[in-house]
2 protein chains.
Amino acid sequence: MSEPRWLSQEERSTWLALTGLITKLPGALDSQLTRDAGLSFYEYMVLAMLAESDDGVLRMSALAELTNGSLSRLSHVVQRLERQELVRRETCADDRRATNAILTDAGRTRVESAAPGHVQHARTLVVDAVSAEDLATFGRVGEAILDRVADQRRR
Amino acid sequence: MSEPRWLSQEERSTWLALTGLITKLPGALDSQLTRDAGLSFYEYMVLAMLAESDDGVLRMSALAELTNGSLSRLSHVVQRLERQELVRRETCADDRRATNAILTDAGRTRVESAAPGHVQHARTLVVDAVSAEDLATFGRVGEAILDRVADQRRR
DNA sequence: CCTCTATTGTTTACGGTTCAAGTAATTCTA
DNA sequence: TAGAATTACTTGAACCGTAAACAATAGAGG
């Protein structure tokens with residue numbers, strides 16, 4: 001292999017900022033949520049995506065997609081949420097391979113009580129930390145990166 | 001608590017892009033590195049930071065800082081790297097509480113062979129995915145967020 | 001129909017991370 | 001200068017995520 005194109009100083013510092021983000025931010029989100037609501041960030045996402053769906057029902061595969069998780073991870077997490085009776089599962093009538101995850105009343109109560117603190121934290125750490133314009137650019141770049149990651153995954 | 005300020009549609013999509021990033025990117029980096037070099041991303045970072053230091057020597061606490069990891073995590077990882085003889089440890093002469101992590105020749109060889117592929121992957125997924133200007137903005141925003149996270153941590 | 005393949009999800013085993021506790025050296029304080 | 005507090009790191013246990021194997025259903029092709 002020929003000598004690779006190394007990163008310029010500015011590229012490198014951006015790259016390090018991103019790697020810093022992906023290693024530190026998950027912990028920051030988890031600790032606020034576990035402290036204030038007894039949920040991991042991923043658990044919160046599962047409940048939140050269910051709550052935002054019309055009737056609190058989503059297929060496992062759809063839920064995995066929405067939460068950016070693998071089906072296996074989701075399966076484990078839903079099992080734990082089921083033990084706390086925040087979610088229940090039933091096999092889908094249309095397609096008996098599929099499973100619906102269903103938000104219980106207790107589950108809805110729990111997310112709704114967790115949401116304000118979480119949103120506030122998202123504001124403090126991110127949304128209110130920069131100008132609206134920079135934030136928009138940041139979001140677009142993030143989406144471009146996610147597209148690349150998805151491409152990679154597909155091969 | 002009063003009704004929180006919910007996120008606007010654009011803020012929300014940026015937030016979701018960021019959460020997508022922090023849940024998917026680590027796996028993408030890990031899989032390239034383990035496939036091509038038998039290292040996790042964090043292990044790579046440890047070796048890379050050592051290789052970039054003058055003499056391949058850094059205190060554990062400095063290394064933890066540079067790699068965005070906890071001292072505990074680093075300690076476990078260095079223990080594993082030590083078993084593969086990529087790194088060794090010795091207590092620091094100046095301050096006998098401290099430990100120096102030292103890159104071995106085998107360790108240096110390993111990072112150097114892993115680096116080109118990793119940098120190429122960083123380019124494909126991130127650096128070459130957007131314009132230089134957007135990338136710079138992205139980096140600045142990332143750093144601003146990291147500052148907020150660090151503030152949070154200090155309380 | 002009937003088989004073969006693809007889809008959907010679960011489960012088990014394993015490895016890694018975190019958290020809490022422990023150890024040892026150093027610095028501060030009275 | 002003794003004792004207390006702090007710093008620096010390690011360790012063990014509990015927990016979580018991933019990967020691989022498995023099971024069940026659906027669809028497609030002959």
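Predicted model, so just to flag it, every value in this text is computed and none were measured. The figures that follow rest on heavy atoms only: side chains count, while hydrogens, waters and symmetry mates do not. Reminder, nothing fancy here: chain letters follow the sequence lines and each chain counts from 1.
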>> If the condition is salt bridge (charged side-chain N to carboxylate O under 4.0 Å, His left out), which residues does Arg108(B) pass it with, not counting sequence neighbours?
In response: none
> Distance-only, no hydrogens or angles: does the Arg97(B) side chain make a donor-acceptor pair with backbone N or O of Thr91(B) under 3.5 Å?
Replying inline: no
> When you match Asp94(A) and Arg89(B) each to their closest nucleotide on DNA chain D, which lands nearer the 5' end?
Replying inline: Arg89(B)
> Just checking Ser75(A): base, sugar-phosphate only, or nothing, at a heavy-atom cut-off of under 4.0 Å?
Replying inline: base
> Of all residues at least two apart in sequence or in a different chain, which pass the side-chain contact (heavy atoms from CB on, under 4.5 Å) check with Asp30(B)?
Replying inline: Ser40(B), Phe41(B)
> Of Ala62(A) and Val77(B), whose closest DNA chain C nucleotide lies nearer the 5' terminus?
Replying inline: Ala62(A)
> With a 4.0 Å cut-off on heavy atoms, is Thr91(A) in touch with a base, just the backbone sugar-phosphate, or nothing at all?
Replying inline: nothing
> What are the 5'-most and 3'-most nucleotides of DNA chain C lying under 4.0 Å from any heavy atom of chain B?
Replying inline: dG16(C) to dT26(C)
>> Is any side-chain heavy atom of Val77(B) closer than 4.5 Å to one of Leu81(B)?
In response: yes
> For Asp128(B) and Arg148(A), what are the C-alpha separation, side-chain angles and deciding distance, and is it a salt bridge (charged side-chain N to carboxylate O under 4.0 Å, His left out)?
Replying inline: CA-CA 10 Å; Asp128(B) 292 350; Arg148(A) 299 287 186 116; over 6 Å; no
>> Judged by each residue's nearest nucleotide on DNA chain C, which is more toward the 5′ side, Ala98(A) or Ser31(A)?
In response: Ala98(A)
> For residues Thr67(A) and Tyr42(A), is any side-chain donor paired with an opposing acceptor at under 3.5 Å?
Replying inline: yes
> First contact, last contact: which nucleotides of DNA chain D are these for chain A, 5' to 3', heavy-atom distance under 4.0 Å?
Replying inline: dC16(D) to dA26(D)
> For Ser13(B), what residues pass the side-chain contact (heavy atoms from CB on, under 4.5 Å) criterion, not counting sequence neighbours?
Replying inline: Glu143(A)
>> Between Glu82(A) and Arg89(A), does any side-chain N to carboxylate O distance fall below 4.0 Å?
In response: yes
> Cut-off 3.5 Å, side chains only: do Gln120(A) and Thr124(A) have a donor facing an acceptor?
Replying inline: yes
> Got Leu47(A) and Leu39(A) here, is their nearest side-chain heavy-atom distance under 4.5 Å?
Replying inline: yes
>> Heavy atoms within less than 4.0 Å of DNA chain D: which residues of residues 33-58 of chain A have one? Give them sorted by number.
In response: none
> At under 4.0 Å between heavy atoms, what does Ser72(A) touch on the DNA or RNA strands: base, sugar-phosphate, or nothing?
Replying inline: base
> Is a salt bridge present between Arg110(B) and Asp105(B), judged by a nitrogen-to-oxygen distance below 4.0 Å?
Replying inline: no
>> Please compare Arg97(A) and His76(A) by the position of their nearest nucleotide in DNA chain D and report the one closer to 5'.
In response: His76(A)
> Base, sugar-phosphate, or nothing for Ser61(B), non-hydrogen atoms under 4.0 angstrom?
Replying inline: sugar-phosphate
